Amino acid sequence: MKTQLFTNTPENIIKTAEILKKGGLAAIPTETVYGLAADALNGEAVAKIFAAKGRPMDNPLIVHVAEFEDIERFALVREIPEAAKKLAKVFWPGPLTIIMKKGGVIPDEVSAGLDTVAIRLPSHPSARAIIKAADTPLAAPSANLSGSPSPTTAQHVMNDMDGKIDAVFDGGACGVGVESTVITLAEDTPRLLRPGKVTLEELREVLGEVELDSAVLNKLKDGQKAASPGMKYKHYAPKANVILLKCTDDEFTDYVNRCGGSGVAALCCDEDVEKLCVKYISLGKRNDYEAHAQRLFDSLRRIDGYGNIVTVYTRLPSTDGVGLAVYNRLIRAAGFEVIDLEKS
Ligand code: AMP
Ligand code: MG
């Protein structure tokens with residue numbers, strides 16, 4: 001299949017929407033990462049997403065709408081909980097996904113057989129324009145090959161998906177850089193399943209009690225069921241081995257320099273740069289967690305682009321604010337391995 005690369009024009013919004021209406025696959029920009037979209041109400045079209053990504057069929061997809069009213073118009077959920085209305089007022093359009101009890105129109109391919117559905121109203125103008133023009137909700141997971149870092153540019157998508165999907169709509173680099181925050185309202189107490197730009201602290205300000213799912217920070221124990229099936233896989237990993245170091249700032253640069261060698265790189269902060277003697281990519285200023293999130297996946301892909309990097313060292317991130325989203329992605333990229341220099 002030839003994958004068309006569309007520039008950001010009104011005609012290409014229409015062309016992308018037409019591909020989707022006909023049951024095709026198109027990667028679209030959102031404010032979080034690029035999504036691989038299909039008509040969410042067409043099970044056959046949705047099944048093609050899993051094939052293109054190599055995604056396990058038990059990992060459900062997020063359904064994207066252009067307006068809050070679309071949830072009722074398409075009967076996507078059984079009932080909209082009051083908490084969802086409160087969250088939507090504050091955070092939509094934006095990088096928050098809300099899980100609710102699903103309506104009968106949701107194909108099993110979207111919900112992976114669960115009785116819930118994940119819904120998001122993105123703020124990216126091209127994403128909303130494409131959903132509006134297609135006049136159907138769009139199922140859209142991140143547009144990467146399953147397991148690899150999510151794409152934050154159209155070029156990242158082409159690297160993974162060229163020849164496998166109908167089109168990629170180039171809307172420039174994504175502003176947030178990590179996938180949406182996912183919260184479930186399908187149980188008695190709201191629970192954060194995946195951290196993102198909308199933080200746990202912000203969710204608690206709106207809803208009061210919000211639990212943190214144990215899979216956000218920890219590896220699932222053998223036999224433990226994942227509330228969010230996507231949290232159980234090794235994920236976001238570049239080809240190079242990612243090693244997380246729990247340490248002070250000086251220990252970080254000293255340790256990485258001692259490891260040295262041509263196959264080693266540091267994923268670091270601006271403040272480390274002058275102390276490092278190995279290849280590095282900086283995620284930004286030390287306490288600028290939003291910058292770290294925005295650059296994370298692009299940096300992991302660039303490390304692989306060097307060709308010869310075997311090991312990349314980075315610090316165990318803070319779990320405050322947007323730091324929690326970076327922590328969650330990096331701990332999975334590292335397969336949950338952390339070297340604690342404070343203890344050794
Ligand atoms: P992605 O589409 O690649 O951003 O991944 C979507 C994330 O949302 C995955 O971690 C899924 O497991 C999770 N997700 C989607 N739908 C549901 C659902 N109904 N219940 C729990 N988690 C979900
Ligand atoms: Mg993904």
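As the structure is a prediction and not an experimental result, all values here were calculated from the model. One-based numbering, in listed order, for ligands and for the atoms of each. Each residue takes its place number in the sequence, starting with 1.
- Only protein N, O or S atoms were considered, and those under 2.8 Å from the Mg ion (ligand 2) are Ser142 OG.
- Between Glu67 and Arg128 there is a salt bridge, with a side-chain nitrogen of the basic residue lying less than 4.0 Å from a carboxylate oxygen of the acidic one.
- Taking each of Lys102, Lys53, His64, Arg55 in turn, the one with a heavy atom nearest to atom 3 (O) of ligand 1 proves to be Arg55.
- Ligand-side atoms of ligand 1 in range of Thr116: 18 (C), 19 (N), 20 (N), range being under 4.0 angstrom from any heavy atom.
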Please determine whether side chain to side chain donor-acceptor pair (under 3.5 Å) holds for the pair Asp270 and Ser282, giving the CA-CA distance in whole Å, both sets of side-chain angles, and the decisive distance to 0.1 Å.
CA-CA 6 Å; Asp270 289 353; Ser282 175; 2.5 Å; yes
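- In the hydrophobic clustering, Val310 connects to no other residue, as no ILVMFWY side-chain heavy atoms lie under 4.5 Å from its own.
- Shown here is Lys53, whose NZ atom has more than 12 heavy atoms of other residues, nucleotides or ligands within 6.0 Å.
- Residue-level proximity to ligand 1 for Thr184 is absent, since no heavy atom of it falls below 4.0 angstrom.
- At least one heavy atom of Ser142 lies less than 4.0 angstrom from ligand 1.
- Shown here are the side chain to side chain donor-acceptor pair (under 3.5 Å) partners of Arg295, two or more places apart in sequence or in another chain: there are none.
- Residue-ligand proximity, Ile99 to ligand 1, at heavy-atom distances under 4.0 Å covers atoms 17 (C), 18 (C), 20 (N), 21 (C), 22 (N), 23 (C).
- Of the charged side-chain nitrogens involved, at least one lies within less than 4.0 Å of a carboxylate oxygen, so that Arg120 and Glu31 count as a salt-bridged pair.
- In the vicinity of Pro60, heavy-atom distances shorter than 4.0 Å reach the ligand 1 atoms 11 (C), 12 (O), 14 (N), 15 (C), 16 (N), 17 (C), 18 (C), 23 (C).
- Note on ligand 1: Ala227 sits in its first shell, one or more heavy atoms being nearer than 4.0 Å.
- Ile28 is not connected to Trp92 by any chain of hydrophobic side-chain contacts under 4.5 Å among Ile, Leu, Val, Met, Phe, Trp and Tyr, and they are in different clusters.
- Among residues two or more places apart in sequence or in another chain, the side chain to side chain donor-acceptor pair (under 3.5 Å) test is passed with Lys85 by Glu82.
- A salt bridge does not link Lys48 to Glu44: none of the charged nitrogens lies less than 4.0 Å from a carboxylate oxygen.
- Not a single N or O atom of Glu179, backbone or side chain, sits closer than 3.5 Å to an N or O atom of ligand 1.
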